[in-house]
Amino acid sequence: MKVLHIDSSIMGDASVSRQLSQAIVTQLKAKHNNAQVEYLDLAQQTIPHLTAEILMGQNVEQTALSEKLIQQYLDADVVVIGAAMYNFGLSSALKAWIDRISVAGKTFKYTENGPVGLAGDKKAYIASSRGGVYGENSPVDFQEGMLKTVFGFTGVNDVDVIRAEGVNMGAEMKDKAMADAMAKIQVI
Ligand SMILES: Cc1cc2nc3c(=O)[nH]c(=O)nc-3n(C[C@H](O)[C@H](O)[C@H](O)COP(=O)(O)O)c2cc1C
């Protein structure tokens, strides 16, 4: 079982989403002794923003990187993404990854009946952290909402969100949010 583990928080060891994504991967490894994990730390190894040159395949090095990231995404049986909410959306590092893997003809295609995802048959976990409280499907949530949309667009509809929110609203709120999220991870 191939697991693609991605982190994107800028906060290193103090990051909530990193703690959650690591706990999810640890749990997956405990349950599946054939789990092989590939790890991408998008805050450490930043992916350059997409440019016209990269999009047009005119940068050999960046084309190779795009192809590697797409193949890694296609090959994964499970994707675990640590995603912090920044300004209601995702970190720019994670957006840069999305811009590389959302590619027509590779991870989705357009048909007469609309777009069809080509990266299906995998499971995704979103390890979500937020300073405030938004709950499920908030109209100002462009973080979990965007990730779920991108997963769905590429054919991945089996998506679980493990969320710790209100983590900047005092130690008590944070501790409870973490304990609740960790309890959910234990029953994955
Ligand atoms: C640049 C920046 C922007 C943020 N924007 C929001 C926001 O829009 N809404 C929110 O609830 N929390 C926001 N936060 C708080 C983070 O979501 C919160 O600290 C979360 O734990 C970050 O994930 P991490 O601990 O994995 O880094 C922001 C934090 C940073 C650093």
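Each ligand, and each atom within it, is numbered from 1 in the order the structure gives.
Atom 8 (O) of ligand 1 has Phe88 N, 2.9 Å as its closest protein atom, hydrogens excluded (heavy atom only). Among protein heavy atoms, the minimum distance from atom 10 (C) of ligand 1 is reached at Tyr134 OH, 3.2 Å. Scanning the protein heavy atoms around atom 20 (C) of ligand 1, the nearest turns out to be Ser129 OG, 3.7 Å. The protein atom (non-hydrogen) at minimum distance from atom 2 (C) of ligand 1 is Tyr86 CD2, 3.5 Å. For atom 12 (N) of ligand 1, the closest heavy atom belonging to the protein is Gly131 N, 3.2 Å. Of the protein's heavy atoms, Met85 O, 3.5 Å lies nearest to atom 16 (C) of ligand 1. In this structure, atom 5 (N) of ligand 1 lies nearest to the protein heavy atom Asn87 N, 2.8 Å. Looking only at heavy atoms of the protein, atom 27 (O) of ligand 1 is closest to Ser9 OG, 2.6 Å.
Only the side chain of Val167 comes within contact range of ligand 1, with a heavy atom under 4.0 Å; no backbone atom does.
With Tyr73 as the aromatic partner, Lys122 meets the cation-pi criteria of under 6.0 angstrom to the ring centre and within 45 degrees of the ring axis. Remark: Lys106 fails to qualify as a cation-pi partner of Phe108 under the 6.0 Å distance and 45° angle criteria applied to the six-membered ring.
Electrostatic pairing of Asp160 and Lys184 does not count as a salt bridge here, judged by no charged N lying under 4.0 Å from a carboxylate O. Asp41 and Arg18 are joined by a salt bridge, as a carboxylate oxygen and a charged side-chain nitrogen come within less than 4.0 angstrom of each other. One finds a salt bridge joining Glu136 and Arg163 here, because a Lys/Arg side-chain nitrogen approaches an Asp/Glu carboxylate oxygen to under 4.0 Å.
Side-chain contact check for Gln71 and Asp75: at least one donor-acceptor pair (N or O, by modelled atom type) lies under 3.5 Å. Under the 3.5 Å distance criterion, with hydrogens and angles disregarded, no donor-acceptor pair is assigned to the side chains of Ser15 and Gln19.
Ser66 places a side-chain heavy atom less than 4.5 Å from the side chain of Ile54. Contact annotation: the side chain of Ile162 approaches that of Ile24 to within less than 4.5 Å [non-hydrogen atoms, C-beta and beyond].
At under 3.5 Å, not a single nitrogen or oxygen of Arg18, backbone or side chain, sits near a nitrogen or oxygen of ligand 1. Residue Ala84 has no N or O atom closer than 3.5 Å to an N or O atom of ligand 1. Between Ala14 and ligand 1, not a single N/O pair is under 3.5 Å apart. An N or O contact shorter than 3.5 Å is missing between Ile10 and ligand 1 by distance.
Ring geometry, Phe88 versus Tyr134: the interplanar angle exceeds 60°, so the pair is classed perpendicular (tilted spans 30 to 60°).
Close contacts between ligand 1 and Met11 involve ligand atoms 27 (O) [criterion: under 4.0 Å to a heavy atom]. The distance from ligand 1 to the heavy atoms of Asn168 drops below 4.0 Å at these ligand atoms: 15 (C), 18 (C), 19 (O).
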